[in-house]
Student: 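Please find one structure pasted underneath; my questions will follow.
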Amino acid sequence: MGGYGDVKLLNDDGTRLDGRAIDEMRPLTAEVGILPAADGSAIVTHGLNVAIAAVYGPVEAHPRKIQRQDRAVVDVRYNMAPFSTSDRIRPGYNRRSREISKVTAEALESVVLVERFPRAKISVEIEILAAEAGTRCAGITAASLALADAGIPMRDMVVGVASGKIDNIVVLDLDKAEDNYGQADLPVGILPTTGEIAFLQMDGDLSPEEYNTCMEYNFKAAKEIHQIMIDALKAKYDGGA
Amino acid sequence: MGGYGDVKLLNDDGTRLDGRAIDEMRPLTAEVGILPAADGSAIVTHGLNVAIAAVYGPVEAHPRKIQRQDRAVVDVRYNMAPFSTSDRIRPGYNRRSREISKVTAEALESVVLVERFPRAKISVEIEILAAEAGTRCAGITAASLALADAGIPMRDMVVGVASGKIDNIVVLDLDKAEDNYGQADLPVGILPTTGEIAFLQMDGDLSPEEYNTCMEYNFKAAKEIHQIMIDALKAKYDGGA
Amino acid sequence: MGGYGDVKLLNDDGTRLDGRAIDEMRPLTAEVGILPAADGSAIVTHGLNVAIAAVYGPVEAHPRKIQRQDRAVVDVRYNMAPFSTSDRIRPGYNRRSREISKVTAEALESVVLVERFPRAKISVEIEILAAEAGTRCAGITAASLALADAGIPMRDMVVGVASGKIDNIVVLDLDKAEDNYGQADLPVGILPTTGEIAFLQMDGDLSPEEYNTCMEYNFKAAKEIHQIMIDALKAKYDGGA
Amino acid sequence: MVELVPSLLRQELANLAEDDRRIDGRSQWQSRDIKLEVDCLYNGDGSAKVTLGDTIVYAGVKFEVRTPWPDRPNEGSLMCGAELRPIAGRKYEPGPPSPESIELGRVVDRGIRESGCIDLQSLCIIPGEKVYGVMIDIHVLSDGGNIFDASALAAIAALRTTTVPASTFDIGDDHPLQVSKAPMMCSFTRVGGRYVLDANEQEELGGNERIHITLGDDGHLHSLQKGLKGVFTPAEFAEILDVAQLRCTELRDMVSAKEAN
Amino acid sequence: MVELVPSLLRQELANLAEDDRRIDGRSQWQSRDIKLEVDCLYNGDGSAKVTLGDTIVYAGVKFEVRTPWPDRPNEGSLMCGAELRPIAGRKYEPGPPSPESIELGRVVDRGIRESGCIDLQSLCIIPGEKVYGVMIDIHVLSDGGNIFDASALAAIAALRTTTVPASTFDIGDDHPLQVSKAPMMCSFTRVGGRYVLDANEQEELGGNERIHITLGDDGHLHSLQKGLKGVFTPAEFAEILDVAQLRCTELRDMVSAKEAN
Amino acid sequence: MVELVPSLLRQELANLAEDDRRIDGRSQWQSRDIKLEVDCLYNGDGSAKVTLGDTIVYAGVKFEVRTPWPDRPNEGSLMCGAELRPIAGRKYEPGPPSPESIELGRVVDRGIRESGCIDLQSLCIIPGEKVYGVMIDIHVLSDGGNIFDASALAAIAALRTTTVPASTFDIGDDHPLQVSKAPMMCSFTRVGGRYVLDANEQEELGGNERIHITLGDDGHLHSLQKGLKGVFTPAEFAEILDVAQLRCTELRDMVSAKEAN
């Protein structure tokens, strides 16, 4: 977190600079089946973030040394397009994207029924086309939808959502200014049906009580997002009915 | 193209700065069999350019995933030596050399009887030791000679040659100043016997008519170069007779 | 060598800046079996140098193309920790460490009975944690000890030791200042039992006579170091008796 | 659509060509539907999305401020690159830039650069000290065939709707980037022995060499490239150049219409 | 110790967990012995060695002088990286940094950075011109399990005994680096269905996901990370957070004791 | 020449050595024919081509202007590198620099650097601001054995006929580079149990370790390197050092003769 205390992030009426209430999420839209070539795909816009995910597989894993005898491996590549950020970033992976790819893969492996596909690989490509704080969460949500669109069996979805702290107040879903100048960020991947957590990162400063409030907000928002995800899948498979 | 119009490239008598006529090529020499270790080799000097090509193979292609069941792959590496240019270039491939390698390989695959060598690889190494505009053409010519020297069956040679535009006049075979300050460059790889084209690039500004004039010059020069290539092969195989 | 003649490296009484006689080595300690995970390991401190070596193997060499039908390959990685030098060095190998790795591997292959392990690989990892001139020698000594600790059969140890020239005088075992401002450095790897040489590098300026004096000093010091190595192995295997 | 193994596919394509037909029912010089969106991405100083059949390509433009090259103190710079990442299709692998992606970026780059549509001197801020660097990044999300034309169109459309973010660098007010021309690329692939316009993925799989032609507003050639195994005759080139002239004019009109919105 | 194949090992670990036992005889929230040495390496401006069971980790601190980032003219920088080289164990391969090593470095980095223990403004030498860059490098020599806690401890212990080598850069006398806090990391691994503290190598081999918690002097959370395949419930987290509070206080006391020497 | 598999080749070489013979008929300390050309490449500020039996090596020298290292404000720099690309022979693969090419470049570099033949202070243009960087690039086109001696000879011959391109950088008139000495390298390979001078490709294939010796004008040693598997005795070294003294004098005379032309 930037943690620059001299930037005021809450209005006098307790609302945030963009007018949201402290427990209010940015608008989120979702659509599946958007990429003709992929086995499954989805686009999620969350605030001004744009995340696109594609799933290829399951196919036999190559080279053989990456195969697991008893299950499929889930291979995730999280990537930010050069034009997705305020300063252009060089094409290719950096340390941040490699870390996010790793923990996102581990979160998705926790819900995909990987034991059904021994020696296989399921590739998940996450491309961030526009970034406005919260891209890893938008990416996780898009990846879950793309997996569902590909017909990969899962025991639950993983919903990406974050809360954090600004001006000593816990708020839901930090936007860019709040991320830059806030005090803490807690992105998680929630299984909306079971109430379990498959993804967890956090940085900044949170008391144990503040942590609990963040998690309350996160679980509440995960429900909302889950509904949007279900609607997106229905829109494709039920013909939008 | 540099396209810097304030540099005059034609003399008042219509000749070029180095005295050549507009449809006159720089001197070109060729010799084959110059590298003891290679299966075939050639050196081409074209103006002050020096291009050396070596051919290794055909051998079984490795790793297996690059094999083609029905034909050989032609693997070309075009490389400029660090001391070949006015500013030293760092050793290793750059984007330009990778692109030239790709399209040169595709040009050579168009004439080599690749279907005679299923699952094989034919490696063509092109090293530019001195560069004075036109290295890709000198490289293609040298590569064709090296393939012939290696006894690889081909349905024709590929002759590298370029025309371009300076001071609004179409000229044959740009030299360094003409390349830096000229208006267009059209390097091609011509099959001298069939009159087909296996290699084509172009940048700058050419009207369709100017394009046609360039091609006329290119075909004329390809004939000349082809004769020099034949003589070089004869010099080795007929004992120079 | 730095070769900066304006730095005086010998005191008026003929001793060196740190008080050593010209044929006196810096203190050296050795201990084996220090890394639980490795098949063999050792730490050598030589002056302020700290070198740790680990041995893994022999195991079947992978990929197959690195296998040798008639013997094991010895794979050495010499690496300096980022904090081991006065200016931090970037993690990863550089040209210097690659060269040292190569010639160290070749020196160790000369004593390991590699023909006993066809198609196998023996990996030797050398990590320099602190560098004060002479790390390649400390690394060779540590690697020999780690090989012995791993029970790899060898026809002799390789003892790393160096002599050099400062202020026109040949001296044993250059320290950092002597290495920076001296005139020559001659690091060698000596087989203490057979009196053969398995590792040799040198840079600077030495007359043939000075070379001979360097080698005299090196052989004398190799005996001393060899005894310390034997004691270190005894300390582990004879319970220190 | 049935997946054919390449040799059967080649035969099928040859049969169709003999009857002057194509595998998806188009005529020889007919393009698939194109959809163009511009200014569609937050954080892109310019952006465009092109949908061409099953092909989807984004292009984004970003500015940076840098010191000029010593031999060009009064000029900014323009750079175009392309990424072909595994999302684009089953055949794309992760790793360093492939020859295919390098070729794509460089061919699009040359078409834009050589048309002179951007006056590099207009990108100079303080001569010898500060200039703008303009970076165009092409991102292929779905390769359904003919990614070259989709990429070139996305790149020029993004450029032509780009805002120079001068205020971000404390260099005055934001203003539109001046792009004086609209170079357009048109590509032909040999399928079943003859050239067709805008080959789809199956036609590329069972086809031979392709030719990329970039034409300026006045119909002049700015960039040519032949890719893949195969040869062509001067007469064949003359024919496709004529088709390209018509097609590039159509494309240019489409971009203009978009800008007029 | 008998090497068990993972599925047998998993079974064995589950059986032990049912009896509230662990494979090496420890209780659920018991750590292995820790040994900490500081200031142990020539050329390190700060250094520490941590031995935690069979795990051995070194950390070294180095300074450099650099120009500040344009948007932070009054601040130096802090960077923490980790190397997991083949010396650390049979499973580590040579090559570019693995995702595992990147994760390790970044999680340790965040814990230190976010605790605010280093005032980046105190690393400024001349505003806008010269600042210190502080680099912490973690070097794992032996992975016997739980390298995260060993690495985080080595990093903060090295930092807290670091001398700023000002004289080397002609910026006055050397002086101790000011480190106002002591953030501590504590990691939990699911083994046999339940979480344990400080898993050893066998428990990691037969275990599931792990959670890394970094706590500040005041018990606040500064960094969290879940790694590997597996999920957890909020209730499980609440339990391990309580354990972490106690454990981090113990670790902090150990570092203080070392510093008092 | 018949291709022998290495073990048969080793036997054959040992038999020959017993009779004091070599596989190509030379005597133990006899070199193959050498051909040296200098100033042979456009764009090289200095250049040389060495043909040594079937070995062909080019060296090229280029200048750049750079800022000096802070701790050496009055000195330019010298750097020598070597490339062993696939053109050089069947055994060379594409990819990043191999240990073999790094060793070759560094051993040649040390011989030149340590001889002091180039006064680095003479490469200073403006103290603390501008100095010359001299880059020697070695390019092996054909490896017919003993590429080290061919490379070292090409490098020093290129250097000694180098023109400083001062006018290119607006620093006065072009002038010859001052190279005060002529360090020469001489390499020995153990073949059939004994050392021979200038091993050819077959002798290298069936041989053991090799020793590279670089000697200065006064017969002093400037660089030594032992490569490959094998050991030697001090007595063996004494013998080859004597041979090297004679051989290096011959080589030096050859370079001088070339320069006198």
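Sequence lines set the chain letters: A, B, ... in the order given, protein chains first and strands last, and positions in each chain run from 1.
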Student: Looking at residues at least two apart in the chain, or sitting in another chain, which of them share a ring pair (Phe, Tyr, Trp, His ring centres under 6.0 Å) with Phe83(C)?
Tutor: none
Student: With rounding to the nearest 0.5 angstrom, report the CG to CG distance, Leu9(C) to Leu17(C).
Tutor: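 One finds 5.5 Å between CG of Leu9(C) and CG of Leu17(C).
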Student: Run the side chain to side chain contact (heavy atoms under 4.5 Å, CB included) test against Cys137(C) and tell me which residues pass, sequence neighbours left out.
Tutor: Ala162(C), Pro187(C)
Student: Does Gln178(E) have any side chain to side chain contact (heavy atoms under 4.5 Å, CB included) partners at least two apart in sequence or in another chain, and if so, which?
Tutor: none
Student: Between chain E and chain C, which N or O donor and acceptor atoms come closer than 3.5 Å?
Tutor:
| residue | atom | partner | partner atom | Å |
| --- | --- | --- | --- | --- |
| Asn43(E) | ND2 | Ser84(C) | O | 2.9 |
| Asn43(E) | ND2 | Ala131(C) | O | 2.8 |
| Lys62(E) | NZ | Thr85(C) | O | 2.8 |
| Lys62(E) | NZ | Ser86(C) | O | 2.7 |
| Arg85(E) | NE | Glu127(C) | OE1 | 3.4 |
| Arg85(E) | NE | Glu127(C) | OE2 | 2.7 |
| Arg85(E) | NH1 | Tyr93(C) | OH | 3.3 |
| Arg85(E) | NH2 | Tyr93(C) | OH | 2.7 |
| Arg85(E) | NH2 | Glu127(C) | OE2 | 3.2 |
| Ile87(E) | O | Tyr56(C) | OH | 2.9 |
| Gly89(E) | N | Tyr56(C) | OH | 3.2 |
| Arg90(E) | NH1 | Asp39(C) | OD2 | 3.3 |
| Arg90(E) | NH2 | Asp39(C) | OD1 | 3.1 |
| Asp137(E) | OD1 | Arg88(C) | NH2 | 3.0 |
| Asp137(E) | OD2 | Arg88(C) | NE | 2.6 |
| Asp137(E) | OD2 | Arg88(C) | NH2 | 3.3 |
| His139(E) | NE2 | Glu127(C) | OE1 | 2.8 |

Student: Under a 4.5 Å cutoff for heavy-atom pairs, which residue among Ala37(C), Pro91(C), Pro36(C) has the most contacts with chain E?
Tutor: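 When all of Ala37(C), Pro91(C), Pro36(C) are compared, Pro36(C) has the most.
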Student: Step by step, work out the side-chain contact (heavy atoms from CB on, under 4.5 Å) result for Leu177(E) and Leu123(E).
Tutor: CA-CA 9 Å; Leu177(E) 177 66; Leu123(E) 300 175; 4.0 Å; yes
Student: Among Gly92(C), Pro82(C), Ala53(C), Ala130(C), single out the residue with the greatest number of heavy-atom pairs under 4.5 Å to chain E.
Tutor: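 Option with the greatest count: Pro82(C).
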Student: Please step through side-chain contact (heavy atoms from CB on, under 4.5 Å) for the pair Leu251(E) and Ser31(E), ending with a clear verdict.
Tutor: CA-CA 11 Å; Leu251(E) 290 170; Ser31(E) 169; over 6 Å; no
Student: For Ile34(C), is it the side chain, the backbone, both or neither that has a heavy atom under 4.5 Å from a heavy atom of chain E?
Tutor: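 Just its backbone gets close to chain E.
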Student: For the CG atom of Leu35(C) and the CD1 atom of Ile56(E), what is their distance to the nearest 0.5 Å?
Tutor: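 Taking CG in Leu35(C) and CD1 in Ile56(E), the distance rounds to 5.0 Å.
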